[in-house]
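Contents: one structure, followed by commentary.
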Amino acid sequence: MVVKVGKLKGPFRGFRNLETRFVFLDGSVWRQRQPKYLYFYANRPRARVLYENGRYVLEVDGTDETIEVIEETAANSDQPQDQAESPV
């Protein structure tokens, strides 16, 4: 099942390590969750996050590889998700 489709922000340099983050133009952030190295350079490539077999995987146009990822967008927000803004 396709979860997200869009372009990655800035240059994509492949998969590196468990700290590698992939930022989409809409601001959503996904982090590499499995150790895998693949060098591939592309500027703002189209990418897709798929949910398959109980995990999220990232596909990037131009590569034949996928990588397991985890979403970090909610964890990086400035405000807790269950707390609404207070009126001033």
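Since the structure is predicted, the reported quantities are computational estimates derived from the model, not experimental observations. For this chain, numbers begin at 1 and follow the sequence in order.
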What's in the same ILVMFWY side-chain cluster as Y51, cut-off under 4.5 Å, chained through other members?
M1, V3, L8, F12, F15, F22, F24, W30, L38, F40, V49, Y56, L58, V60, I67, V69
CZ of R46 to CD of E59: how many Å apart, nearest 0.5 Å?
11.5 Å
How long is the span from the OG1 atom in T73 to the CZ atom in R31, to the nearest 0.5 Å?
12.0 Å
Tell me whether D64 at atom CG has more than 12 heavy atoms from other residues, nucleotides or ligands lying less than 6.0 Å away.
no
If the threshold is 4.0 Å, N to carboxylate O, is there a salt bridge linking K36 and E65?
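E65 and K36: salt-bridged.
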Within the distance-only criterion (no hydrogens, no angle test), does the side chain of Q34 pair as donor or acceptor with the backbone N or O of E68 below 3.5 angstrom?
yes
Under a 4.5 Å cut-off applied to non-hydrogen side-chain atoms, are N17 and P35 in contact?
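No, their side chains stay 4.5 Å or more apart.
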Does V57 reach the side chain of E52, with side-chain heavy atoms less than 4.5 Å apart?
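Contact flag for V57/E52 side chains = yes.
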What heavy-atom pair brings R44 and L25 nearest, and what distance separates the two atoms?
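Taking every non-hydrogen atom into account, NH2-CD1, 3.2 Å.
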Closest non-hydrogen atoms of G10 and P45, given as atom of the first, atom of the second and distance, are O-CD, 4.4 Å
Going through the checks in order, is the side chain to side chain contact (heavy atoms under 4.5 Å, CB included) test met by R48 and K4?
CA-CA 5 Å; R48 288 160 301 291; K4 174 163 214 51; over 6 Å; no
Are L50 and V5 connected, step by step, through hydrophobic side chains (Ile, Leu, Val, Met, Phe, Trp, Tyr) whose heavy atoms are closer than 4.5 Å?
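Same hydrophobic cluster.
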